[in-house]
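Report on the following structure.
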Amino acid sequence: MSRSALTHFLMLSNSSPRLSSLSSAGVSSSFSRVPFLRRRRFAGRELNARRFQCYCSLSVSEPSVSETPTSSVRKRMVSGVQPTGSIHLGNYLGAIKNWIDLQNAYETLFFIVDLHAITLPYETQQLAKSTRDTAAIYLACGVDTTKASVFVQSHVRAHVELMWLLSSATPIGWLNKMIQFKEKSRKAGDENVGVALLTYPVLMASDILLYQSDFVPVGEDQKQHLELTREIAQRVNNLYGGRKWKKLGGRGGTIFKVPEPLIPPSGARIMSLTDGLSKMSKSAPSDQSRINLLDPKDAIANKIKRCKTDSFPGLEFDNPERPECNNLLSIYQLISGKTKEEVAQECQDMNWGVFKNLITDALVDHLHPIQVRYEEITSDSRYLDGVLAEGAGKASEIAEATLNNVYQAMGFLRR
């Protein structure tokens with residue numbers, strides 16, 4: 001989608017099913033690989049169907065409850081994180097850690113959304129390095145390239161092409177309603193805000209629709225952007241799909257799948273260490289507000305020691321008067337792998353001093369293997385380059401199929 005993780009999303013309509021499980025398996029669209037068409041011949045006004053091939057998706061019926069995620073045909077999920085700033089605990093627990101489970105249940109595409117990173121002022125000298133570092137962290141956290149495609153957004157140029165096509169069908173009023181645009185433009189001032197900050201939700205829609213995604217893992221604060229994606233997909237389907245597309249030689253029907261959200265049951269919103277009501281963020285001015293995944297042991301201990309707490313006795317979840325307590329317990333639960341009930345029972349009579357030592361040790365133990373693996377990956381640039389190139393190649397096959405369908409449905413003269 002914060003714009004992190006695809007991650008770069010209002011409540012869904014009553015017709016949308018509510019999803020609560022991350023382990024359900026389903027069916028994905030699969031595209032036949034068709035060579036890029038450089039010529040077409042016409043006989044009078046009629047298209048030569050043999051040379052004008054449709055890039056079609058395979059429609060498969062919904063699986064029964066008894067089917068497992070190991071089915072050979074699985075539903076597709078996409079997600080991404082911006083390469084700006086350091087990847088922190090909120091990114092990890094809210095998105096990346098969940099990907100490790102999701103890659104076993106879905107056909108997954110994870111990418112670094114570098115095009116989204118330039119919507120606000122950024123350091124040009126750092127963009128490429130940050131992009132590589134983010135990819136390395138994906139892999140260090142456990143993303144398996146035999147199960148998931150990892151690539152850089154700008155390496156698949158269909159993202160930008162589809163964004164332009166979607167922009168022609170997206171009413172400006174829809175973009176003006178985006179909460180994050182209002183907040184960021186108000187802070188920066190009109191003279192310092194580029195058009196990209198207004199239109200980046202359309203690029204986000206392109207990121208998702210390009211891959212005919214069934215699901216997108218999102219946090220509570222990102223549902224508005226996903227709802228916009230759904231509305232754009234439905235609008236394009238209505239404007240150009242169905243019989244209109246078929247008359248142009250296409251297969252007809254819907255052009256895009258309308259994606260659904262996957263909202264993790266816990267960990268979707270990790271809060272700041274200095275303010276339990278604010279989300280942990282890369283853009284927060286104080287580094288004390290977050291645990292970065294690459295923070296050394298001493299830095300983690302110091303940040304936990306100085307984090308904001310309260311004067312209530314004992315520790316408890318879900319007390320609205322104790323947001324920092326709820327946040328720290330949630331972090332400990334997710335890092336330790338224990339259930340909420342187990343953590344509540346373990347920590348109910350603890351004081352803050354004892355608990356801070358407990359959570360510090362848990363964080364250090366959990367993050368150390370990630371940090372070691374990260375160093376191994378970044379020391380082998382050829383390996384990382386190969387992973388990104390292979391991921392972009394796989395993603396491009398799906399993206400080109402979708403993009404050609406859209407060009408055809410919108411009436412373009414193809415090459």
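Keep in mind that what you see is a predicted model, and the values were worked out from it rather than measured.
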Is any side-chain heavy atom of [X] closer than 4.5 Å to a side-chain heavy atom of [Y]?
| X | Y | result |
| --- | --- | --- |
| R132 | S381 | yes |
| T229 | L226 | yes |
| L89 | M280 | yes |
| P83 | L127 | yes |
| T108 | V78 | no |
| R76 | I398 | yes |
| L115 | Y200 | no |
| K303 | D287 | yes |

Pair listing, salt bridge (charged side-chain N to carboxylate O under 4.0 Å, His left out) test, anchored in residues 138-160, at least two apart:
none

What pairs meet the salt bridge (charged side-chain N to carboxylate O under 4.0 Å, His left out) rule with one or both residues in residues 363-375, with sequence neighbours excluded?
R373-E376

Do you know which two heavy atoms are closest between [X] and [Y], and how far apart they sit?
| X | Y | answer |
| --- | --- | --- |
| V156 | A399 | CG1-CB, 3.9 Å |
| M163 | V202 | O-CG1, 3.6 Å |
| V364 | K297 | CG2-CG, 3.8 Å |
| V143 | A148 | CG1-CB, 4.1 Å |
| K282 | Q82 | NZ-O, 2.6 Å |
| L198 | N176 | CD1-OD1, 3.8 Å |

Return the [atom1] to [atom2] distance between [X] and [Y], rounded to the nearest 0.5 Å.
| X | Y | atom1 | atom2 | value |
| --- | --- | --- | --- | --- |
| N404 | E161 | CG | CD | 9.0 Å |
| I96 | I370 | CD1 | CD1 | 8.5 Å |
| I300 | L363 | CD1 | CG | 6.0 Å |
| K97 | L293 | NZ | CG | 12.0 Å |
| R306 | Q288 | CZ | CD | 4.5 Å |
| I270 | I331 | CD1 | CD1 | 5.0 Å |

Expected output: side-chain [X] to main-chain [Y] donor-acceptor under 3.5 Å:
| X | Y | answer |
| --- | --- | --- |
| R269 | G94 | no |
| E342 | T339 | yes |
| N237 | A233 | yes |
| T402 | L210 | yes |
| T199 | V195 | yes |
| Y407 | L413 | no |
| S86 | H88 | no |
| Q103 | G142 | yes |
| E324 | G276 | yes |
| E260 | F215 | no |

Ring centres under 6.0 angstrom apart (H159, F111):
yes

What I want to check is whether the side chains of H116 and D207 have a donor and an acceptor closer together than 3.5 Å.
yes

Check whether F317 forms a cation-pi arrangement with K340 (NZ or CZ under 6.0 Å from the six-membered ring centre, at most 45° off the ring normal).
yes

Does the pair S330 and M271 meet the rule for a side-chain contact (heavy atoms from CB on, under 4.5 Å), with working shown?
CA-CA 10 Å; S330 296; M271 312 309 284; over 6 Å; no

Hey, mind stepping through Y138 and I87 against side-chain contact (heavy atoms from CB on, under 4.5 Å) and telling me if it holds?
CA-CA 10 Å; Y138 280 11; I87 300 294; 5.7 Å; no

Could you go step by step and tell me if Y92 and H366 meet the ring pair (Phe, Tyr, Trp, His ring centres under 6.0 Å) rule?
CA-CA 12 Å; Y92 174 64; H366 189 92; 5.5 Å; yes

Only one of Y211, F151, W99 passes ring pair (Phe, Tyr, Trp, His ring centres under 6.0 Å) with F110; say which it is.
W99

Walk me through whether I291 and L367 qualify under side-chain contact (heavy atoms from CB on, under 4.5 Å).
CA-CA 10 Å; I291 300 289; L367 296 180; 4.2 Å; yes

Would [X] and [Y] pass as an ion pair if we require N to O under 4.0 Å?
| X | Y | value |
| --- | --- | --- |
| E390 | K394 | yes |
| R322 | D310 | yes |
| R290 | D295 | no |

Matching residue for P323 among L328, D275, L277 - test: side-chain contact (heavy atoms from CB on, under 4.5 Å):
L277

For side-chain hydrogen bond (donor to acceptor under 3.5 Å, both in side chains), just list the numbers for D114 and S154, CA-CA rounded to whole Å, side-chain angles, deciding distance to a tenth of an Å, and then say yes or no.
CA-CA 7 Å; D114 54 342; S154 63; 2.5 Å; yes

Determine whether D214 and K257 satisfy the following criterion, salt bridge (Lys or Arg N to Asp or Glu O under 4.0 Å), listing intermediate values before the conclusion.
CA-CA 7 Å; D214 295 286; K257 281 189 176 182; 2.8 Å; yes

CA sep, side-chain torsions, deciding dist, call: L175, L228, side-chain contact (heavy atoms from CB on, under 4.5 Å):
CA-CA 9 Å; L175 301 181; L228 176 66; 3.9 Å; yes

